[in-house]
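Report on the structure given below.
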Amino acid sequence: MSSAGSPLRHLVSRYRRGLILLGFLVSSSVMILFNGTPGVAKPQEIGLSIFGFFQGIVSGSVHVAGQLGLSVVDLADLQSKYQRSAALVKKYEGDERTLVQLREENRRLREQLSFHQTLSYFNVPVEIIGRDPSKVYSTLIVNKGYLDGIRKNLPVIATQGGVTGLVGKVAAVGLTSSVVQPILDANLFIAARVENTRHEGLVTGKGNNQEVLSMSYVKKSAMEQISRGDLIVTAGIDSIYPADLLIGRIQVITTKEYQTSLDIELEPILDFSRLEYLNILRSEP
């Protein structure tokens, strides 16, 4: 093998320059041949295609990055607009609530003014400004007093939903404020009667922070003539309350065998938990 390989190596070594030249000539011929052949890519085109491919990748990445940056900016802008819109909506909701409250207050004031003007006797409109927190229905404090012509024991009424009813009487008077004792107080007694049958009795509160009244001393013989739902009004036989002011409505009628009178439970005609404005009655201006 060494004897066979030596001549070949000797031949290659001897004609090396010629073989190299021959290789260049063959390569050149092939390139010249392909350069004129349709449908075969040229070396320049191959290089440009490769360069264009990588350039497209880089350009696409830059474009995506740019779009991402714009999206972030747009998102921040949208969030800012949303926050401004939410703040405006909240403000408009607050304005709407205020408007509704003002309309409701205006309605109540018009109702009180109309009531004040239609009463057949002189009255002083007042507003409740305080209550006894320990006994919700024991006392009501109003914003007018001696300087406004208010005196002790004057009757107090109110209108609610178009219905006028008895609230109580003035228990104490200051210069600019007064204390009203409501009919729910267990220490206040009112001569009353059943409106349709005219049976008389005595109405008082139960004094337990409940809007419940009781009527006693109604003759047992009235049992067959009165019923649940009948109205109770002031009797007007004393010197404090005018006659026929609404007090309440009969809810329960009970009696015991050994008693000579009925025990009647009443629901006040007024909802005392919602009272705001009252009218104190006076016999003269």
Side-chain angles (χ1 to χ4, degrees), residues 98 101-192 202-213 233-248 266 268-285:
T98 301
Q101 292 171 354
L102 288 174
R103 285 176 176 173
E104 179 61 22
E105 183 178 1
N106 188 38
R107 183 195 65 78
R108 293 195 301 268
L109 289 173
R110 286 201 310 270
E111 183 181 61
Q112 292 298 319
L113 178 61
S114 176
F115 171 66
H116 169 71
Q117 293 173 341
T118 55
L119 283 175
S120 57
Y121 26 80
F122 185 77
N123 64 95
V124 180
V126 297
E127 181 180 2
I128 296 174
I129 58 174
R131 300 173 187 261
D132 185 342
S134 61
K135 296 181 180 179
V136 178
Y137 302 123
S138 63
T139 56
L140 304 172
I141 303 172
V142 297
N143 64 342
K144 291 185 181 179
Y146 189 86
L147 297 179
D148 304 286
I150 307 301
R151 299 294 182 266
K152 188 176 179 179
N153 290 329
L154 290 179
V156 182
I157 61 175
T159 184
Q160 198 174 69
V163 176
T164 301
L166 181 64
V167 174
K169 70 173 184 177
V170 176
V173 182
L175 288 177
T176 58
S177 63
S178 301
V179 176
V180 174
Q181 183 182 17
I183 59 176
L184 297 171
D185 192 333
N187 296 315
L188 183 62
F189 298 91
I190 305 159
L202 199 62
V203 171
T204 186
K206 290 198 171 184
N208 55 0
N209 277 1
Q210 294 182 4
E211 291 196 34
V212 178
L213 300 169
V233 298
T234 54
I237 57 177
D238 53 29
S239 59
I240 296 181
Y241 309 102
D244 294 321
L245 290 175
L246 287 172
I247 297 175
L266 310 178
I269 203 70
L270 300 173
D271 182 352
F272 279 71
S273 66
R274 296 193 300 115
L275 287 179
E276 295 181 80
Y277 302 98
L278 312 176
N279 290 81
I280 300 176
L281 304 183
R282 287 171 50 184
S283 57
E284 58 183 20

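Each residue takes its place number in the sequence, starting with 1.
- To the nearest 0.5 angstrom, L213 atom CG is 8.0 Å from T204 atom OG1.
- Minimum interatomic distance between V180 and P182 (heavy atoms only, all atoms of both residues): O-CD, 3.4 Å.
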**Asked** Could you go step by step and tell me if V167 and L140 meet the side-chain contact (heavy atoms from CB on, under 4.5 Å) rule?
**Response** CA-CA 10 Å; V167 174; L140 304 172; 4.1 Å; yes
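- Distance alone, capped at 3.5 Å, places no donor-acceptor pair between the D148 side chain and the I150 backbone.
- Closest approach of A192 to I247, counting heavy atoms only: CB-CD1, 3.7 Å.
- In this structure D244 satisfies the side-chain contact (heavy atoms from CB on, under 4.5 Å) test together with R198, V233, sequence neighbours excluded.
- Between Y277 and A158, the closest heavy-atom pair is O-CB, 3.8 Å.
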Apply side-chain contact (heavy atoms from CB on, under 4.5 Å) to residues R151 and V170 and explain how you reach the verdict.
CA-CA 7 Å; R151 299 294 182 266; V170 176; over 6 Å; no
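- Distance check, rounded to the nearest 0.5 Å: CG of N279 to CG of N123 gives 4.5 Å.
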- Using the side-chain contact (heavy atoms from CB on, under 4.5 Å) rule, take K144 and L278 through it: C-alpha gap first, then chi angles, then the decisive distance, then the call. CA-CA 11 Å; K144 291 185 181 179; L278 312 176; over 6 Å; no
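- Of all the heavy atoms in A171 and K152, the pair that sits closest is O-CE, 3.3 Å.
- The structure places CD1 of I183 at 9.0 Å from CG of L266, a figure rounded to the nearest 0.5 Å.
- When all heavy atoms are compared, the tightest approach of L166 to F272 is O-CZ, 4.0 Å.
- Legend: side-chain hydrogen bond (donor to acceptor under 3.5 Å, both in side chains) pairs involving residues 167-179, not counting sequence neighbours, sorted by first then second residue: N153-K169.
- The two residues L281 and P242 make their nearest non-hydrogen contact at CD1-CG, 4.0 Å.
- Rounded to the nearest 0.5 Å, atoms CG (L147) and CG (L175) are 5.0 Å apart.
- A donor-acceptor contact shorter than 3.5 Å is absent between the side chain of R131 and the backbone of T139.
- Although no hydrogens or angles enter the test, the distance criterion places a donor-acceptor pair under 3.5 Å between the side chain of N143 and the main chain of E127.
- Here CD of Q160 is found 5.5 Å from CG of L275. Values are rounded to the nearest 0.5 Å.
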